[in-house]
Number of protein chains: 2
Amino acid sequence: MSTEPEVPANRAPTLTDVAKLAGVSVATASKAINGRDEVKAATRARVLKAAELLSFAPNALARALLGGRTGTVGLLTSDLEGRFSIPILMGAEDAFGAGEVSVFLCDARGDAIREAYHVRALLSRRVDGLIVVGSSTDPRPPLAGTIPVPVVYVYAPSADPGDISITVDNVGGGRLAVDHLLACGRREIAHVTGEPGFAAARDRAEGAAAALADAGLSMLGGKPYYGSWDETWGRAAAHIVVEQHPEVDAIFCGSDQIARGVLETLRDLGRDVPHAISVIGFDNWDAIAAHSRPRLTSIDMNLERLGAVAGRRLFEAIAGAEPPSSEQYPGRVVMRDSTAPAG
Amino acid sequence: MSTEPEVPANRAPTLTDVAKLAGVSVATASKAINGRDEVKAATRARVLKAAELLSFAPNALARALLGGRTGTVGLLTSDLEGRFSIPILMGAEDAFGAGEVSVFLCDARGDAIREAYHVRALLSRRVDGLIVVGSSTDPRPPLAGTIPVPVVYVYAPSADPGDISITVDNVGGGRLAVDHLLACGRREIAHVTGEPGFAAARDRAEGAAAALADAGLSMLGGKPYYGSWDETWGRAAAHIVVEQHPEVDAIFCGSDQIARGVLETLRDLGRDVPHAISVIGFDNWDAIAAHSRPRLTSIDMNLERLGAVAGRRLFEAIAGAEPPSSEQYPGRVVMRDSTAPAG
DNA sequence: TACCGTCCTGAAAACCTTTTCGCCGAGCGC
DNA sequence: GCGCTCGGCGAAAAGGTTTTCAGGACGGTA
């Protein structure tokens with residue numbers, strides 16, 4: 001005589017078990033547990049107690065099998081390694097986590113074959129929708145084949161404008177950066193950025209140029225200093241800029257890493273940042289920006305929000321017939337100590 | 001008259017559709033598709049063609065419903081934000097990605113309530129197993145409640161020694177670092193590290209002390225310089241160490257960020273790294289280690305492998321009856337330019 | 001007392017696949 | 001020509017839940 005209730009060993013308790021224990025039919029048990037109102041309060045209580053006793057958890061598979069909805073979505077990333085995917089992924093996970101939706105994570109490693117494979121697996125699991133997270137802001141080819149569920153592209157837009165893409169406004173970000181420098185009274189502004197093959201570099205430069213043009217100014221040297229995204233280039237570029245344009249009083253950097261390198265060189269050269277020269281970075285990567293000397297002002301693209309928005313849009317697309325359209329989100333300036341009015 | 005085959009609109013094709021199109025029974029269709037050998041080659045070909053035509057994908061839910069196995073696992077992280085979860089997650093995802101297993105990603109944000117909620121959801125989805133990724137190397141409480149599937153803890157071990165935990169060998173990591181410095185001929189070695197509240201800090205210090213003791217030496221100052229994990233502390237600590245122990249010829253840092261700060265101060269003080277003083281970091285965080293001046297030698301804990309191992313162990317636990325035991329993995333020295341023989 | 005309406009409850013179908021088992025026809029040996 | 005074997009195929013059940021619909025109990029009214 002065991003103290004355990006009659007749970008058939010070695011098997012998760014089913015609704016039938018609960019119904020039996022409560023002395024009702026499975027139909028009634030189902031209604032009681034799902035809060036349907038066609039069941040007497042006393043009966044419901046009895047069923048709930050039985051469920052509790054058996055620590056019954058409804059089999060989501062069986063439920064999904066007839067409902068049509070599985071309550072799952074696929075999250076397809078190109079590379080988990082990239083710093084940018086992670087906050088987006090967090091935001092999306094968060095947007096769903098609150099509800100009844102679980103997230104399948106798939107990393108395609110930038111490989112189209114692998115991606116197709118994952119998509120097939122996800123569809124066979126009958127996900128209700130897909131989120132595709134890119135690794136750069138360059139447009140990417142849409143998912144291959146016909147996908148019978150809604151798809152939302154994040155960060156990297158789909159090359160097909162008919163798809164739903166949620167992206168950051170890099171042009172606006174470039175504008176923000178330069179406007180901030182202008183607000184600090186800066187006029188001789190250089191732009192040091194990464195590889196021109198990246199849309200992110202070109203877009204930010206475009207925004208910067210536009211903001212300068214609006215102020216009747218132009219970029220120091222007439223165009224951006226393109227290079228790579230890392231500190232080493234930042235250090236080299238700063239030397240070049242200072243040599244070519246000793247009058248420089250601000251540098252807008254295409255990434256925090258570049259900015260960090262710029263800061264180091266300016267420090268080596270004995271230039272006073274932020275007063276003689278102000279420096280602003282991009283990405284607001286805390287580990288880099290918050291510990292430089294001086295601490296780095298930067299543009300934050302709010303990627304977590306981007307992911308959350310994508311999650312919500314996908315949810316809407318799944319629920320309603322009205323497909324949401326593409327959206328672009330602005331960033332914001334995060335003030336630290338590397339920018340200030342001239343002094 | 002449509003060019004499309006007779007697919008009942010608005011519904012994913014089922015095995016019944018395929019069977020009908022191929023002119024066989026569902027049973028035969030199932031066998032043909034699953035490669036069972038009780039079906040004539042010609043029949044199989046006919047079925048496969050029909051499946052292709054309808055782009056049929058078997059409903060994994062229905063399959064799981066009777067098979068008992070869902071081919072899904074839950075990956076429960078404490079914080080996606082942390083740098084350490086990501087490589088582990090990549091490794092685990094990779095270990096499964098090759099097979100037929102899909103991964104549910106859940107971020108508990110360090111909240112026990114949220115964690116319990118996610119576990120409930122995962123169990124109702126009938127995952128075959130769980131991987132729990134911690135955010136620090138300190139032991140964590142095991143999952144609440146009784147979990148009817150195998151669980152593997154990674155990075156942060158479960159506080160219950162009966163659970164399966166896959167962890168990094170921080171003591172060994174501390175040994176590795178000091179042994180490397182000793183091999184460079186260093187004798188006056190200081191240890192600057194993070195908060196003593198972290199097992200990671202204490203374990204690495206313990207390994208360092210042991211390696212020194214084995215060489216008949218002891219730590220400069222007799223004990224580690226505990227502080228925080230960031231650059232700011234590294235900069236401050238380097239000043240302290242050099243002042244208190246001008247004879248210092250090597251500094252073992254508990255993180256790459258600390259090491260970076262140390263490097264900056266030594267540079268400011270005009271000390272020659274690596275020849276006068278060698279510096280070694282910990283974590284091998286590329287963005288930090290590969291772009292410092294000089295580039296930083298560091299201990300890599302190979303977290304991706306850790307995740308992959310966890311995935312494999314979970315897989316074994318799901319498949320076989322023999323539960324694997326806990327394991328600890330050593331790191332390795334990644335040589336760059338901040339360590340060298342005295343010269 | 002007979003009848004009607006209102007609540008509850010339960011039986012059964014549906015969702016899609018896999019697997020077991022029985023059946024049928026063909027081929028072969030005697 | 002007859003009986004046996006074997007290969008190939010199909011019918012049916014199972015897996016757990018939701019939902020629909022029919023039916024039963026009971027209270028109230030004529």
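Naming convention: chains lettered A, B, ... in sequence-line order (proteins, then strands); numbering from 1 in each chain. Any value given below was found using the heavy atoms of this structure, including those in side chains, with hydrogens, waters and symmetry copies removed.
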Legend entry - Residue met sooner reading DNA chain D from 5', once A/Phe56 and B/Ala41 are mapped to nucleotides: B/Ala41
Legend entry - Derivation and outcome, side-chain contact (heavy atoms from CB on, under 4.5 Å), residues B/Cys106 and B/Thr77: CA-CA 6 Å; B/Cys106 302; B/Thr77 73; over 6 Å; no
Inset, instruction - Check side chain to side chain contact (heavy atoms under 4.5 Å, CB included) between B/Leu65 and all other residues, then give those that pass, not counting sequence neighbours. - result: A/Asn59, A/Ala62, A/Leu65
Inset, instruction - Quickly work out the A/Arg69 CZ to D/dT18 C1' distance and round it to whole Å. - result: 16 Å
Inset, instruction - Could you tell me whether the phosphate oxygens of D/dC9, OP1 or OP2, come under 4.0 Å of any side-chain nitrogen or oxygen in B/Thr43? - result: yes
Inset, instruction - Send over the distance from A/Leu61 CG to C/dC15 C1', rounded to a whole Å. - result: 12 Å
Legend entry - Whether B/Arg36 side chain and B/Thr28 backbone form a donor-acceptor pair below 3.5 Å: no
Inset, instruction - Please check if the side chain of B/Ser78 supplies one atom and the backbone of B/Gly110 the other of a donor-acceptor pair under 3.5 Å. - result: no
Legend entry - Interface with DNA chain D, restricted to residues 118-127 of chain B and to heavy atoms under 4.0 Å: none
Inset, instruction - Could you tell me which residues satisfy side-chain hydrogen bond (donor to acceptor under 3.5 Å, both in side chains) with B/Arg83, sequence neighbours excluded, listed by chain and number? - result: B/Asp283
Legend entry - A/Arg44 side chain vs A/Ala32 backbone, donor-acceptor pair below 3.5 Å: yes
Legend entry - Rounded interatomic separation in angstrom, taking NZ from A/Lys20 and P from C/dG10: 14 Å
Inset, instruction - Mind checking side-chain hydrogen bond (donor to acceptor under 3.5 Å, both in side chains) for A/Asp169 and listing every partner two or more places apart, or none if nothing turns up? - result: none
Legend entry - Sidechain-backbone polar pair: A/Glu93 side chain, B/Asp107 backbone, donor-acceptor under 3.5 Å: yes
Legend entry - End-to-end axis angle, where each axis spans five pairs of the helix from C/dT1-D/dA30 to C/dC30-D/dG1, to 10°: 70°
Nucleotide N/O of nucleotides 26-28 of chain D paired with protein N/O under 3.5 Å:
none

Legend entry - Side-chain N,O (A/Arg11) to OP1/OP2 (D/dG15) below 4.0 Å: no
Show the atom names and distances, to 0.1 Å, of all donor-acceptor pairs under 3.5 Å that link a side chain in residues 142-155 of chain A to residues at least two apart or in another chain.
| unit_1 | atom_1 | unit_2 | atom_2 | d |
| --- | --- | --- | --- | --- |
| A/Tyr153 | OH | A/Leu143 | N | 2.9 |

Inset, instruction - Send over the distance from B/Arg44 CZ to D/dG7 P, rounded to a whole Å. - result: 15 Å
Inset, instruction - For A/Ser136, enumerate each residue passing the side-chain hydrogen bond (donor to acceptor under 3.5 Å, both in side chains) test, keeping only those at least two apart in sequence or located in another chain. - result: A/Asp138
Legend entry - Length of the CG-C1' vector between A/Asp37 and C/dC7, whole Å: 11 Å
Inset, instruction - Using side chain to side chain contact (heavy atoms under 4.5 Å, CB included) as the criterion, list what pairs up with B/Ala121, not counting sequence neighbours. - result: none
Inset, instruction - Please check if the side chain of A/Asp17 supplies one atom and the backbone of A/Thr14 the other of a donor-acceptor pair under 3.5 Å. - result: yes
Show me, pair by pair, the donor-acceptor contacts under 3.5 angstrom made by side chains of residues 45-58 of chain B, not counting sequence neighbours?
| unit_1 | atom_1 | unit_2 | atom_2 | d |
| --- | --- | --- | --- | --- |
| B/Arg46 | NE | B/Ala22 | O | 3.1 |
| B/Arg46 | NH2 | B/Ala22 | O | 3.4 |

Legend entry - Nearest listed nucleotide, side chain of B/Leu65, among C/dT17, C/dG10, D/dG15: D/dG15
Inset, instruction - Kindly state each residue pair satisfying ring pair (Phe, Tyr, Trp, His ring centres under 6.0 Å) with at least one member in residues 18-52 of chain A, sequence neighbours excluded. - result: none
Inset, instruction - Tell me which nucleotide among C/dG10, D/dG16, D/dT17 gets nearest to the side chain of A/Arg63. - result: D/dT17
Grab the N/O contacts between the protein and nucleotides 19-28 of chain C below 3.5 Å, and write none if there aren't any.
| unit_1 | atom_1 | unit_2 | atom_2 | d |
| --- | --- | --- | --- | --- |
| C/dT19 | OP2 | B/Arg36 | NH1 | 3.1 |

Inset, instruction - Using whole Å, report how far CG of A/Leu15 lies from P of C/dA14. - result: 20 Å
